[in-house]
Amino acid sequence: MKKFVKGALAAGALALATPAFAQEIVVVSHGQANDAFWNVVKNGVEQAGKDVGVNVEYRAPETFDMVAMSQLIDAAVNQEPDGLIVSIPDADALGPSIERAVAAGIPVISINSGSDVSKDLGALLHVGQDEFDAGKAAGAELASMGGKTAICVNHEVGNVALDLRCAGFAEGFGGDVEVLPTSNDPSEIESKVAAALAANEAVDTVMALGASSAGEPTVAAVKASGRDVNVASFDLSANFLQSIADGDAAFAIDQQQYLQGYLSVNFMGLHAKYGLMPGGNVPSGPNLVTQEKAAQVIELSSQGIR
């Protein structure tokens with residue numbers, strides 16, 4: 001009996017000395033392994049986990065694969081985490097998995113893509129930018145620079161967010177716009193942009209949808225052509241920002257993806273601990289980075305923050 005009491009007291013003391021289990025949050029994105037953009041999102045996710053004091057797991061398929069991504073979401077739901085954060089590039093493919101999470105009582109926040117479907121699928125809010133409006137603003141800006149004939153380079157055809165960027169760009173630009181589908185391979189993008197420029201002498205504008213994956217090879221193709229063509233891109237990379245600073249590119253549309261990772265985990269952690277949650281979607285962008293601002297942002301981009 002004495003041994004039992006001593007053991008129980010020791011166990012009680014150990015329980016008192018041990019902190020409560022940290023909240024578990026899972027982030028599932030569609031980011032490809034070779035895409036520097038998503039490394040910045042992941043950096044924001046990891047920093048927020050440290051700042052808020054929650055355990056965070058970041059997962060993504062190796063390629064743009066909606067079947068694999070839906071399986072990752074299903075696996076996360078089976079873990080019964082305290083929160084699930086997802087990007088939604090294809091609501092038809094990912095919707096059933098997200099709805100299973102909501103039905104299981106798991107709070108969901110969407111990031112990056114899916115602002116138009118997030119609420120309908122049961123997510124608490126969305127952290128990102130309105131892609132159509134961002135594309136429209138970019139198109140209007142390039143039209144004001146004298147653009148008449150443009151190419152919109154889409155490196156993830158089927159990603160609704162990127163399709164919306166091209167659609168918004170076409171509306172804002174107002175001139176002739178051709179969507180150029182490519183893979184996420186920079187060498188393929190450079191080759192296809194070069195071929196498109198050679199095939200149409202009227203092209204005076206190229207809109208890329210990702211700085212490191214598409215913007216950088218687009219600048220290379222335009223420089224090799226010797227043509228006077230305005231190049232702009234969504235998102236940031238140190239090299240593309242340098243092209244803006246050097247005058248080889250017009251501007252970049254910054255959606256501040258670090259905030260998408262950081263704020264979503266921050267919000268979810270505070271919700272799990274205290275039941276707190278903003279009352280609506282949180283726009284992380286767009287912000288226009290022009291030649292005047294580019295040099296200031298290059299160092300932060302190389303650090304994986306911008």
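Keep in mind that what you see is a predicted model, and the values were worked out from it rather than measured.
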Phe267 vs Leu125 side-chain heavy atoms within contact, under 4.5 Å:
yes

Do we see a donor-acceptor contact under 3.5 Å between the side chains of Ser118 and Ser110?
yes

Interatomic spacing from OG in Ser213 to CZ in Phe234 - rounded to 0.5 Å:
12.5 Å

Test side chain to side chain donor-acceptor pair (under 3.5 Å) applied to Ser243 and Glu216, step by step
CA-CA 8 Å; Ser243 294; Glu216 292 177 23; over 6 Å; no

Pick out which of Leu241, Val40, Asp254, Ile298 makes a side chain to side chain contact (heavy atoms under 4.5 Å, CB included) with Arg306.
Asp254

Check whether any side-chain heavy atom of Met207 lies under 4.5 Å from a side-chain heavy atom of Arg165, and answer yes or no.
no

Determine, using the 4.5 Å side-chain heavy-atom cutoff (strictly less than), whether Met66 and Val27 are members of one ILVMFWY cluster.
no

More than 12 foreign heavy atoms under 6.0 Å from CD of Glu99: is that the case here?
yes

Under 3.5 Å, is there a donor-acceptor pair between the Tyr262 and Asn43 side chains?
no

Assigning hydrophobic clusters by single linkage (Ile, Leu, Val, Met, Phe, Trp, Tyr; side-chain heavy-atom cutoff under 4.5 Å), is Ile25 placed with Val282?
yes

Is the side chain of Gln23 donor-acceptor paired with the backbone N or O of Val54 at a distance under 3.5 Å, no angle test?
no

Thr205 side chain vs Ala150 backbone, donor-acceptor pair below 3.5 Å
no

We want to know whether Asn200 and Glu178 form a side-chain donor-acceptor pair, criterion being a heavy-atom distance below 3.5 angstrom.
no

Could you verify whether a donor N or O on one side chain and an acceptor N or O on the other, from Gln255 and Gln260, lie under 3.5 Å apart?
yes

Side chains of Lys119 and His126, heavy atoms from C-beta outward: is any pair under 4.5 Å?
no

Any side-chain heavy-atom pair from Met69 and Val28 closer than 4.5 angstrom?
yes

Side chains of Val153 and Thr182: does their closest heavy-atom pair fall under 4.5 Å?
yes

Heavy-atom side-chain proximity of Val206 to Asn230 below 4.5 angstrom
no

Using only heavy-atom distances, determine whether the side chains of Asp185 and Ser183 contain a donor-acceptor pair under 3.5 Å.
no

Roughly how far apart are Phe173 CZ and Glu141 CD, rounded to 0.5 Å?
12.0 Å

Are Val193 and Leu180 packed together at the side-chain level, in the sense that at least one heavy-atom pair is separated by less than 4.5 angstrom?
yes

Does a side chain donor of either Gln32 or Asp35 reach within less than 3.5 Å of an acceptor in the other side chain?
no

Is Val127 reachable from Leu162 through a run of hydrophobic residues whose side-chain heavy atoms are each under 4.5 Å from the next?
no

Is any side-chain heavy atom of His30 less than 4.5 Å from a side-chain heavy atom of Ser113?
yes

Start with the C-alpha gap between Glu188 and Lys192, add the side-chain angles, then the distance that decides, and say whether salt bridge (charged side-chain N to carboxylate O under 4.0 Å, His left out) holds.
CA-CA 6 Å; Glu188 178 190 326; Lys192 284 196 169 184; 3.4 Å; yes

Can you see whether Asp235 engages Gln257 through a side-chain donor-acceptor pair at a distance of less than 3.5 angstrom?
no

Applying the salt bridge (Lys or Arg N to Asp or Glu O under 4.0 Å) test to Lys223, which of Asp228, Asp246, Asp248 qualifies?
Asp248

Hydrophobic cluster membership, with links at side-chain heavy-atom distances under 4.5 Å among I/L/V/M/F/W/Y: are Leu259 and Val265 in one?
yes

Looking only at side chains, do Asn154 and Asp163 share a donor and an acceptor under 3.5 Å apart?
yes

Within the distance-only criterion (no hydrogens, no angle test), does the side chain of Ser225 pair as donor or acceptor with the backbone N or O of Val222 below 3.5 angstrom?
yes

Establish whether Trp38 and Val45 are linked, either directly or via other cluster members, by ILVMFWY side-chain heavy-atom contacts under 4.5 Å.
yes

Between Gln256 and Ser284: side-chain donor-acceptor atoms closer than 3.5 Å:
no

Do Asp204 and Thr149 have side-chain N/O donor and acceptor atoms under 3.5 Å apart?
no

If we count only N and O atoms by modelled type, under 3.5 Å, do the side chains of Glu190 and Thr218 hold a donor and an acceptor together?
no

Between Asp74 and Arg100, is there a salt bridge with N-O shorter than 4.0 Å?
yes

